[in-house]
*Asks:* 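Sharing a structure, written as C-alpha cells. Questions coming.
The first residue in the sequence is number 1, and the count goes up from there. What you see below is based on every heavy atom in this structure, not just the backbone, and it leaves out hydrogens, waters and symmetry mates. Since the structure is predicted, the reported quantities are computational estimates derived from the model, not experimental observations.
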Amino acid sequence: MKILVTGFDPFGGESINPAYEVVKRLKDNIAGAEIIKLQIPTAFNKSTEIIVKNIEEINPDYVLSIGQAGGRFDITVERIAINIDDARIPDNLNQQPIDKKIDENGESAYFATIPVKEIVNSINSKNIPASISNSAGTYVCNHVMYSILNYAHKNDLNIQSGFIHIPFLFEQVMNKKNTPAMDLDSMITAIETAIEVIIFQKKA
Ligand code: PCA
C-alpha cells in the first residue's frame with residue numbers, strides 16, 4: 001500500500017510551516033505501508049498541479065494532506081471540502097482568488113474519504129487533543145482537499161483522501177500572546193496515528 005502525504009511550505013510571513021516539518025519526519029514505512037512525502041507550495045494552482053503529477057507517477061492508495069491552521073488549539077481532521085476559493089491573503093505566487101469556483105463543473109462539496117471520526121478518536125486515545133472540523137476554510141488547504149477529491153471522483157480512481165490541519169509550533173507563537181500551539185513530537189504521533197487508522201481500516 002502506498003500513502004502520499006503532502007505538507008505545505010511556509011506562508012503568511014511565517015518562516016516555517018509545521019505541516020512539512022511533521023511530514024518530513026514521518027516514518028518511511030508504517031505498518032507495511034510505504035509513506036511517500038511531498039512538500040507543496042502554498043499556491044492555489046501550483047499545489048494541485050504538483051499533487052496530480054505525483055498521483056499519476058506514484059499511483060497511491062491514499063493521499064493525506066497536512067496544513068497549518070494557526071490559531072486552532074488542536075489537531076483538526078477536516079470532514080468536508082467546498083468548491084470555492086476566497087483568499088484572505090495572497091498565496092506564495094501572489095494569487096488571491098476571491099469568490100471563485102475551484103471547478104465550474106464540479107460538485108459543490110466533497111466529504112473526506114478517510115475515516116475522520118476513527119482518526120480523531122484514535123489520536124485522542126493517545127492524549128493528544130483532536131477534533132473534527134467542518135470547514136477547511138476557503139484558502140489553499142480547502143483548495144487542495146477539494147481538488148484531490150474532485151480529481152479522484154471525476155477520473156473514477158480508487159484513491160481515498162483527506163486533510164488534517166495542525167496548530168502552530170511553540171516556536172511560532174513566542175511573540176503571539178495567548179495563541180495555542182503544540183509540540184512537534186505530539187503532532188508527528190498524531191499524524192502517524194491517523195495513517196495507522198487508515199491502513200487498518202483498509203486491511204479490515
Ligand atoms: N495552511 C493554509 C494553506 C497552507 C497551510 O499550511 C490553509 O489553511 O489554507
Side-chain angles (χ1 to χ4, degrees), residues 1-9 17-68 75 77-83 85 91-93 101-119 122-123 136 140-166 187-204:
M1 186 189 305
K2 288 186 203 164
I3 306 183
L4 176 63
V5 189
T6 74
F8 288 99
D9 68 358
N17 189 327
Y20 193 63
E21 295 304 311
V22 167
V23 169
K24 74 181 180 198
R25 289 176 174 84
L26 295 173
K27 291 186 200 121
D28 295 315
N29 190 297
I30 299 179
E34 188 187 344
I35 309 301
I36 300 145
K37 306 155 191 183
L38 180 66
Q39 186 176 28
I40 53 171
T42 300
F44 281 92
N45 295 330
K46 196 86 193 151
S47 55
T48 46
E49 218 178 278
I50 292 174
I51 293 172
V52 166
K53 189 171 153 277
N54 274 270
I55 290 176
E56 283 169 356
E57 275 171 27
I58 296 163
N59 193 21
D61 299 282
Y62 284 91
V63 183
L64 179 64
S65 304
I66 314 297
Q68 164 192 297
I75 305 279
V77 184
E78 299 295 343
R79 195 198 304 259
I80 192 162
I82 58 176
N83 188 5
D85 285 339
D91 69 14
N92 286 352
L93 291 176
K101 279 199 165 184
I102 297 169
D103 179 351
E104 279 298 335
N105 307 309
E107 303 283 338
S108 296
Y110 292 102
F111 288 110
T113 44
I114 56 171
V116 290
K117 242 177 212 162
E118 288 81 353
I119 290 172
S122 214
I123 297 173
V140 185
C141 290
N142 173 74
H143 181 93
V144 159
M145 183 180 174
Y146 180 90
S147 298
I148 300 170
L149 288 161
N150 190 39
Y151 176 79
H153 176 76
K154 287 202 156 171
N155 294 293
D156 216 3
L157 300 175
N158 190 18
I159 298 175
Q160 286 169 254
S161 67
F163 199 101
I164 300 181
H165 266 119
I166 58 179
M187 299 212 234
I188 294 169
T189 303
I191 301 306
E192 288 184 343
T193 302
I195 292 171
E196 280 164 16
V197 172
I198 286 169
I199 294 167
F200 289 124
Q201 64 125 37
K202 187 83 169 184
K203 284 185 178 163

*Asks:* What are the two closest heavy atoms between Ala194 and Ile119, and how far apart are they?
*Replies:*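 Looks like CB-CG2, 3.6 Å.
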
*Asks:* Taking all heavy atoms of Asn83 and all of Gly106, pick out the closest pair and write down the distance.
*Replies:*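 The pair with the smallest heavy-atom distance is ND2-O, 3.6 Å.
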
*Asks:* Sub-3.5 Å donor-acceptor pair from the side chain of Gln160 to the main-chain atoms of Thr113, do we have one?
*Replies:* yes

*Asks:* Do Ile102 and Asn142 have side-chain heavy atoms sitting under 4.5 Å apart?
*Replies:*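 Side-chain contact under 4.5 Å: yes.
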
*Asks:* Aromatic rings Tyr110 and Tyr146: how do their planes relate, parallel, tilted or perpendicular, breaks at 30° and 60°?
*Replies:*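 Tilted.
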
*Asks:* Do the non-hydrogen side-chain atoms of Val140 and Ser47 ever get within less than 4.5 Å of each other?
*Replies:* yes

*Asks:* Is the shortest heavy-atom distance from the side chain of Ser122 to the side chain of Val197 under 4.5 Å?
*Replies:*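 Side chain of Ser122 against side chain of Val197, heavy atoms only: contact under 4.5 Å found.
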
*Asks:* Applying side chain to side chain contact (heavy atoms under 4.5 Å, CB included), can you list everything that pairs with Tyr151, at least two apart in sequence or on another chain?
*Replies:*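 Here the qualifying residues are Val52, Ile55, Glu56, Asn155, Leu157.
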
*Asks:* Output yes when a side-chain donor or acceptor of Lys46 lies under 3.5 Å from a complementary backbone atom of Pro41, and no otherwise.
*Replies:* no

*Asks:* Between atom OH of Tyr20 and atom CZ of Arg25, what is the distance when rounded to the nearest 0.5 Å?
*Replies:*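 Rounded to the nearest 0.5 Å, the OH-CZ separation comes out at 10.0 Å.
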
*Asks:* Nearest 0.5 Å, what's the CD-CD1 distance between Glu34 and Ile3?
*Replies:* 10.0 Å

*Asks:* For a 4.5 angstrom cut-off between non-hydrogen side-chain atoms, does Glu192 reach Leu26?
*Replies:*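 A side-chain contact exists here, since the closest heavy-atom pair is under 4.5 Å.
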
*Asks:* So do Met145 and Glu78 actually touch side chain to side chain, heavy atoms under 4.5 Å?
*Replies:*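 Yes, close enough: below the 4.5 Å cut-off.
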
*Asks:* Less than 4.0 angstrom from a charged side-chain N to a carboxylate O is my criterion; do Lys53 and Glu49 meet it?
*Replies:* no

*Asks:* Which distance, rounded to the nearest 0.5 Å, do you find between the CG of Asn158 and the CG of Asp156?
*Replies:*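 Nearest 0.5 Å value for the CG-CG distance: 9.0 Å.
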
*Asks:* Which pair of heavy atoms, one from Ile159 and one from Pro60, lies closest together, and at what distance?
*Replies:* CG1-O, 3.4 Å

*Asks:* Could you measure the distance from the NE2 atom of His143 to the CG atom of Asp85? Nearest 0.5 Å is fine.
*Replies:* 5.0 Å

*Asks:* Strictly by modelled atom types, are Asp9 and Thr42 linked by a side-chain donor-acceptor pair under 3.5 Å?
*Replies:*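 Yes, side-chain donor-acceptor contact under 3.5 Å.
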
*Asks:* So do Glu196 and Ile30 actually touch side chain to side chain, heavy atoms under 4.5 Å?
*Replies:* yes

*Asks:* Around atom NZ of Lys37, are there more than 12 heavy atoms of other residues, nucleotides or ligands at under 6.0 Å?
*Replies:*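 Above 12, so yes.
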
*Asks:* With a 4.5 Å heavy-atom cut-off, do Ile40 and Thr48 have their side chains touching?
*Replies:* no

*Asks:* At their closest point, which heavy atom of Ala31 faces which heavy atom of Phe200, and how far apart are they?
*Replies:*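 Nearest pair, atom of Ala31 first, then Phe200: CB-CZ, 3.9 Å.
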
*Asks:* Kindly compute the distance separating CD1 (Ile66) from CG (Leu38), expressed to the nearest 0.5 Å.
*Replies:* 12.0 Å

*Asks:* List for me each residue that meets side chain to side chain contact (heavy atoms under 4.5 Å, CB included) alongside Ser65, sequence neighbours excluded, and say none if there are none.
*Replies:*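 Ser65 satisfies side chain to side chain contact (heavy atoms under 4.5 Å, CB included) with Thr6, Val63, Val144, Ile148, Phe163 only.
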
*Asks:* To the nearest 0.5 Å, tell me how far Ile164 CD1 sits from Ile114 CD1.
*Replies:* 5.0 Å

*Asks:* Got Lys154 and Asn105 here, is their nearest side-chain heavy-atom distance under 4.5 Å?
*Replies:* yes

*Asks:* Can you name the closest pair of heavy atoms from Gly67 and Cys141 and give their distance?
*Replies:* CA-SG, 4.1 Å

*Asks:* Can you name the nearest heavy-atom pair linking Ala112 to Gly162, along with the distance?
*Replies:*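 The pair with the smallest heavy-atom distance is CB-CA, 4.3 Å.
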
